[in-house]
Amino acid sequence: MIEFRSVSKRYPDGTAAVDDFNLVLPAHKTTVFVGSSGCGKTTLLRMINRMVEPTAGTIEIDGEAISQRDAVALRRSIGYIMQNGGLLPHQTVAENIATVPILNGTARRDARGRALELLDVVGLDRRVADRYPHQLSGGQQQRVGVARGLAADPNILLMDEPFGAVDPIVRAELQREVSRLQRELAKTVVFVTHDIDEAFLLGDQVVILERGAKIAQVGTPSEILETPASEFVARFVGVDRGRRALHLKQTAGGTVVVDAEGRTQGALVDPDAPAEWDER
Ligand SMILES: Nc1ncnc2c1ncn2[C@@H]1O[C@H](COP(=O)(O)OP(=O)(O)OP(=O)(O)O)[C@@H](O)[C@H]1O
């Protein structure tokens, strides 16, 4: 569990990026910080591994203040995945993945073996191990970034707009993959995005932020969609437009659900009625 207690961050130029932020991020769940550009998402994320130090307040991991931990050791114990994968261009894929385990004292040969296993985990062919990042597609580089984040087997994984730079189809594929990994590995994931659909897809807990990292609402995707806390949240999640503005339409075959663009999204069914194929 990660806990922010009255955390603020004011940068030296006076920018109040985070102002008195309080939140519990449950273990083994995915918390998504979502909000528009400059609202303080990245600052929040980077305070968890002490890449950024708060100017006030404390952050605890499992009840221990991170300010008491050695900053370098803390950073190496937490996986960090960023937008462009953050890969070192002059190192091979396997070397990139093995960097942190080697820094932590793992023997080179063992670290390479683990790197190859991680390629399987993230759905990449082991043959890419000896390629350089520029020889991979954007989506493949992002998968290597995820493997790199997982390499030291961290309990906590920080993901900063990891799929921002890839096209929508690859993005959807990577989102599915991260959902699968999360089901299998049950890490405590903190994910930053400005895309509300991505937040609802991946988040167990979604935190909608306004400027200064002010919490507009925190809840499950269903809670937020069903009961937006304010006009701001309702507008941000778009409950009243596009795919989310659903209405019913009677057809010869029954009642269907249609979105604001007139596209049929599904049929209205009685969840308690036996499915047709069960009827004998
Ligand atoms: N090193 C810095 N020095 C001064 N101001 C900074 C620094 N880093 C961030 N800021 C400012 O702090 C505020 C929050 O920035 P942050 O990067 O946390 O927001 P964000 O929500 O992640 O934005 P984006 O989605 O654009 O990355 C912004 O006003 C930003 O300009």
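Owing to the predicted nature of the structure, the values given are computational and were not obtained by experimental measurement. First listed ligand is number 1; within each ligand, the first listed atom is number 1. Just so you know, these numbers use all the heavy atoms, side chains as well, and skip hydrogens, waters and symmetry mates.
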Review point. Taking NZ, NE, NH1 and NH2 as the nitrogens, is one of them in Asp70 or Arg75 under 4.0 Å from a carboxylate oxygen of the other?
Key: no
Point to revise | Pair Lys214 + Asp19, salt bridge at N-O below 4.0 Å | key: no
Point to revise | Audit row: Val32, Phe200, side chain to side chain contact (heavy atoms under 4.5 Å, CB included) steps and yes/no | key: CA-CA 8 Å; Val32 181; Phe200 283 158; over 6 Å; no
Point to revise | Donor-acceptor pair between Asp13 and Thr15 side chains, under 3.5 angstrom | key: yes
Review point. Got the residues with a heavy atom under 4.0 Å of ligand 1, by chain and number?
Key: Tyr11, Asp13, Thr15, Ala17, Ser36, Ser37, Gly38, Cys39, Gly40, Lys41, Thr42, Thr43
Check your understanding: Under a 4.0 Å N-O cut-off, is there an ion pair linking Arg176 with Glu173?
Key -> no
Review point. Does the side chain of Ile61 come within less than 4.5 Å of Leu74's, by heavy atoms?
Key: yes
